[in-house]
Every structure is written in C-alpha cells, then in structure tokens.
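Comments concern the structure below.
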Amino acid sequence: MNIHLHATVAAFAIASLLQARAAEAPATLNPHYTGQFVGEASPPAEPLSLWYRRPAAQWVEALAIGNGRLGAMVFGGIERERLQLNEDTLWAAGPYDPSNTNALAALPEARRLVFAGRYREAEKFIQANMMARPLREMPYQPVGDLVLDLPETRQVENYRRDLNLDTAVATTRYTADGVTFTREVFASPVDQVIVMRLTADRPGKVSFGCTFRSPQSNTVSVADHTLWLRGVNPPQHGTPGALKFVAAARVVLEGGRLAEAPGSLSVTGADSATLLIAAATSYRNYHHVSGNPEKAVLRRLRAARKKPFARLLAAHVAEHQRLFRRVQLDLGTSDAARLPTDERIKNFDSGNDPQLAALYFQFGRYLLISCSRPGGQPANLQGLWNESMSPPWESKYTININTEMNYWPAEACNLGECHQPLFAMIDDLTHTGARMAKVQYGARGWVAHHNTDLWRATGPVDGAVHGFWPTGGAWLCLDLWEHYRFTGDRRFLAKSYPAMKGAAQFFLDTLVEEPRHGWLVTCPSMSPENKHPFGTSICAGPTMDMQILRDLFANTIQAAEVLGVDKGFRAQLAAARARLAPNQVGEAGQLQEWLEDWDMQAPERHHRHVSHLYGFYPGNDITLRGTPELAAAVRKSLEIRGDNATGWGLAWRLNLWARLQDGDHAYAILRSLLSPGRTYPNLFDAHPPFQIDGNFGGTAGIAEMLLQSHAGQLELLPALPQAWPTGSVKGLRARGGFEVDLAWHEGKLTSANIRSLAGEPCALRYGNTTRPVKLPAGRAFQWDGH
Ligand code: FUC
C-alpha cells in the first residue's frame, strides 16, 4: 500500500489516534467474544445491506446510524453491546474570535517578500505575524457510550449483524441456548431519538444491565426508568468549555422487571425491551450557548414514550425512504453479492462484483441522509461519527477540499435537502468571516481560510504552509450556485446572493497586480497544501485560486442578472475577472499549478491534492469540448500525479476521469477506492484514518460516470466502463432542473426518461448525437439516444 500523506500531518494523526485510544477506549468496551460461533447465517433479504458474521471488534467495523444530528456506531456485541454516541453540536471550547490584530500591518511586507521570490522568508514572516490566534481550531467530540451487558453464553448460532440501507435499521441476530435474540436500532429523524429494541423468540428471555460511559467530564444517574448522563465540554487552546450536554436512555419493558442502581439499570426476564435514547447540548448557534439540553431531552423522551415501537419505526422508515428511494441504481449482480461485506471489499479488485459498486454508491447517499439534515450541522470530516476526544484533524471542516467533497453527491444524487446544513454554515461564515476580512485584510465582504469549526472560525490556522489560503469561503459559494442550477429556485438564490456578493467583494478589495504581467492575483496564498520548488507552498496567484474566482465572479454576475440587481457591481466583477491570471499549459503539456512552470520540479509530484484541476471538476472553467487544449493539459496533469492517493485523493481523481469521459480509467480508480487499503470493513472511507469525504466523492464519481450536466448539455452515460455492460439508474438530477432515468444494454443506451421540474430548455447528448428538448415543467421526454 502506497500512501501519499504529508509526513507531519500523518504523524499528527497517528499520534492523536494513539493518544485517544489510550485515554478513552479501554478494551472492555467491546471485548472479543471468546465463545464459539456455529452455523452460517444467510445473507439479509435486502440486497442494499451491509452485513457480517462477527460482532465489530474495532470502531471501523461498527455500523453507522444517524438522524442528521444524533448518531451511533453499533457494534453488535454478544455479551456486551456498545452504542457509541455522537451529537453534532458537542465540540470542545466555546465561542471565540481568532482574528489577529497584527496581521493587517504585516500584509504589505508579506506581499513584497512573495513578489520578490523570497518564498521561505514570506512563510516565516506570515507564520510569525499573520496567523489566527489560537493557531488551532476546536475538535468535535463524542457524547460517550451506552453499554449493555448481556448474559454470558458459551456458543452462538447463526450470528449476523446488518445495516439495511433501505430502512436505515441496524439489526443483530443470533441464537444462544435455543433462544433467538434480535436487536434492532435506528436513529429517527422524526422523533429525534435513537431507538433500540431487544426481543427474543421466547417469552421472558430478555435480560441485560446498562450504563453510560463517557470520556467527557460527566455524572451518570438514574431516575424514573431512565439512565442519565450529564456533562460539560472541555476547554481547548485557552478558550473555556461553554457547553452543557445531556443524554438519557429510557427503558420501556414488556414483561420482566427493571431494577435501578445508582449508575445503572438492569432488566430481568422481559419479553422485550425498548430503549429510547435522546441527547442534546446547550449550543444554539456559534455565538449563543444558552440552550437547555435537559428540557430538550425530556421533551423528546416523553413524546417518544407515548408511541408504540411499531409507530416509531414506521415514521422513521417513511422519512428515510422519502429521500433514499429517490435514486435506484442497478449495475448487475453476481454470486459475490451473497458474501458478507468485509469479504466483498477484499475481493472487489480481483472479482466480478458490480453490485458492491451500487452498494457503495447507495451507502454514500445513506450516509449523507444520516449525517446532514436541515437544522443540523453539516457533515464534518467524519460526518457525524467520532469516538475520540482528539480526533484526526479535529474531525472538523477542512474547506480546501474535504467539506466541499462531502457535498458533491448532494444535488446530482437527489438529496438537495441534505445540502441545507452547509448553506446555513456558509451564512454563519459570512458574519465571522466579515470580521476576519476587516481585521486581517482591511477588506469588505467576508473570507474563510482552509478550516472552520462549530464556532465558525475563519482564520489561517495550523501553519502558514497549510493554512494561509484565503479562498475557502469563495469555494463554498459554488455550492450555493450549484443548488440554484439544479433546482432553479430563485428564492433560494435571492437568499444566497449576499454570501456570494460578500465573498466576491473581499477579492475585489484584496486582489493585487502581479508585477510580471499585470494580472490580478491572490497574494499571499498557496495551492493547497503542495510545496513548490522553493520549499514552501506560499506563493501568489495559484491556478486554483484563479479558477475559483473566475467561477465566483461569473456565478455572482449571473445571480445578480437573474435577480435584477447590482448592475455597477456586475461590471466591476466582469472587469476584474478579465484580468485574473489565466490557465497556462507548461512545458510538459500539463496544466500549470502555479503562475510559473514549476510542476516538474515540485518535490511531491504525486501529491494527493489536485488543486489546479478544480477548474475541471468540480468547477467549470475548463471543459472537454469547450476548451479542449486545456482539457488535454488536465489529463496530462492527472497522469503526472498518478492514480495513487489518499481516500479523498482517489475520489477526486475518480470524478476527474469521469469528466474526461474515460470510463475504464474512472473504474480503475474506483477499484482502488473500494479496496481494503481505502475502505474499512464497515464501508467507511480510509484516508487512512477514517475520513468520510472519500465515501461522498466516490458516490458523486459514480453518478458523474452515468450523467453529466456541467457543460450546457445533459450527457447520458458519458463514462460508462466495460465493467458495467448492462444496468439502469433512476432519479439522478441534472442542472436546469431535470430528473433522469437511464437504462443500457451491452454498453449501449436503450432508454432515457428526462423529466423537467423547472421548464428550462436543454440539449441531450449521447455519444456524438445531440438533441434539443423543450419541456414544460412536470413533463417527461423519452429518448433512445438516436
Ligand atoms: C487536508 C488534507 C489532508 C487531510 C486533512 C483533513 O489538510 O491535505 O490529507 O485530508 O485535510
């Protein structure tokens, strides 16, 4: 396994992982079962399931459930069950302002050093004078574990645990001493509780003890059939902890007895038991922490208590399926589909298992539905699921690729609602980022650098070489515009326009003239996080910045036109846009990553980031048929970078090869992504360590192979690999407000059904055949590609 990982970053991640393990995860939390396993459970009836013949021994084997806000990792243990719990607003520290009041005075000198080619000195100078304070942002943290101690048994028969993606229910089932036990768990977005039900096929057989464990500062108590966990979050980097949190598990029995002890509950001889689990913090928004988690938890438990299990389940499944069932993908199936998921991952590279690609695609959609729902926090580096107090890269929002990648599947895979938490975060950033723009740059508008957290920090953090990149907020604005392009929703555009305008204003005020050609460039900046031949990443006008700003300015101009506002401002943006440094092709035929042709001398030629290819995907600056010479340079750059990378690095390459319309190459990348080095047994993406962006980028990449709409046409099956000769997809979305179903046989399109939702005209393309279509909203068009 060849892992391209920045050495310091890797060392930090590994150190923090080890530290976290030692501090908080005693082996007793999920002990290996030492009894015997007999019999072979059959696969679940639902093909869209993950399933296993053993309990999870490690966290990356446990199964993820979530309702957007509240999440759990389900281990499926035999003598001990563990639900590792998260609530998406439980982060360290409290509201803080990281802006550095010395930075503005230092800006001219930093620029002078960069333009004089004294890049290392510039980096040192920036590090000393211009970084945010504190230098690090705050980590996302776990609530704790709900631990169930179950009766000992020397042998289990037909053990199986599974996660049904269609119902979003995790089930563990086995037979012990002649009794078949079933545990079902789901996180309801309707009732805002996690529900776990334990049943047996004989009466009076459900017995267990349960308690909470938490690495947070906490107390556990019992009252009224309910286990309570109350705690506070810790301080971090000099900012005090400001959050209270509460979790509670209410036990509801049929038959049997419930006994209360000071920190635990025990159940004996019940026919069934249902646990209703709620959690909340005092977080209201990034500057208010006065919420009442106690009240919120109590209210949810009381409401859920009134509903029978079947009703809770039915409401949960209906709400999940409302989103999940919008898209169906059939890539064919084979015998491999009958194997447990971990075995399929091991075999995917060598075998014939097209259904695993479909499962992986749908798992990405499942994850987005489970970790990003309106009203909640956006998907962080681990989505919603994190067991560590000091997770890798704080499990926060890295906005120089990772957070954006999380949302690549949102629109195309028909989950536009799941995009909302990101839009809400962008809105917050316009406020915190306005202060950052004013204090550190003396500029209007707003700015965000390469990271943010729950508190919406926007400063340059970590180190100048990673963090001094002012274009993170501008990139996020692409998501606003894309949501509009996919939906045609003008009200949304009107609401989002101020964020786009503010991001653009910041650059009108801070772009500077580069001395050699007089181009307008960002300075200081970097091509994330790649060092050029002068031993640092710090530079002026990296290609990625110019591409992001060409998109931002063009999209803001178009938005202002649609809304009929800001004529003068549009003209200013158009004038500045024309003066941005252009895309350039270097000696090796590659797309230059920097203003100068440095690519072939850069120390890490195979770097995981492919920042300068932003303009080809997810951006729109370069297209296959619109700018063919530049597209050829993109291909060359990709070839130079190579096919090996971290999880998300692969997922980005997958999308780029799909846009190059090379289906077999895209598929080869997918094979690497879906291998044990890049996919854990529970289908979570491995950077490594676990980082969820690769899952989302993988899902987006599969969609991009089947349908593209970024270049003014709806292109059907643009990058179909030979590995998927026959199949169908239903419910993908395209720009212009279309919903698309496709079927193909022996590598050829057999039918396309295009439904218009917005009444916009479009052109269809299949291979070299094009066909203009004008449909009123609500009408469909059938085509066979001829
Ligand atoms: C960026 C990447 C790393 C990692 C981190 C979360 O800094 O360069 O590989 O994904 O984000």
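Each ligand, and each atom within it, is numbered from 1 in the order the structure gives.
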Subject >> For D428, all residues meeting salt bridge (charged side-chain N to carboxylate O under 4.0 Å, His left out), sequence neighbours excluded >> reply: R456
Subject >> H450 N/O to ligand 1 N/O under 3.5 Å >> reply: no
**OP:** Please state whether the rings of W598 and H532 are parallel, tilted or perpendicular, taking 30° and 60° as the class boundaries.
**Re:** tilted
**OP:** Considering the heavy atoms of E529, write down every atom of ligand 1 situated less than 4.0 Å from one of them.
**Re:** 1 (C), 2 (C), 7 (O), 8 (O)
**OP:** Measure the acute angle between the ring planes of W648 and H609, then classify it against the limits of 30° and 60° as parallel, tilted or perpendicular.
**Re:** perpendicular
**OP:** For H612, check side-chain hydrogen bond (donor to acceptor under 3.5 Å, both in side chains) against everything at least two apart and list the hits.
**Re:** none
Subject >> Any N/O pair H609/ligand 1 closer than 3.5 Å >> reply: yes
**OP:** Taking only heavy atoms of H687 into account, list the atoms of ligand 1 that are under 4.0 Å away from them.
**Re:** 3 (C), 4 (C), 9 (O), 10 (O)
**OP:** Please check if the distance between the ring centroids of Y614 and W475 is under 6.0 Å.
**Re:** yes
**OP:** Could you tell me whether some N/O pair between W648 and ligand 1 is separated by less than 3.5 angstrom?
**Re:** yes
Subject >> Proximal atoms of ligand 1 relative to Q691 (non-hydrogen, under 4.0 Å) >> reply: 4 (C), 6 (C), 10 (O)
Original post:
Any idea which part of R608 is under 4.0 Å from ligand 1, heavy-atom wise: side chain, backbone, both or neither?
Top reply: side chain
Original post:
How long is the span from the CD atom in E394 to the CD atom in Q382, to the nearest 0.5 Å?
Top reply: 11.0 Å
Subject >> Salt bridge flag under 4.0 Å for residues K531 and E604 >> reply: no
**OP:** Number the atoms of ligand 1 from 1 as they appear, then name those within less than 4.0 Å of a heavy atom of L381, with their elements.
**Re:** 6 (C)
Original post:
Should the proximity of N402 to ligand 1, defined as any heavy atom under 4.0 Å, be assigned to the side chain, the backbone, both, or neither?
Top reply: side chain
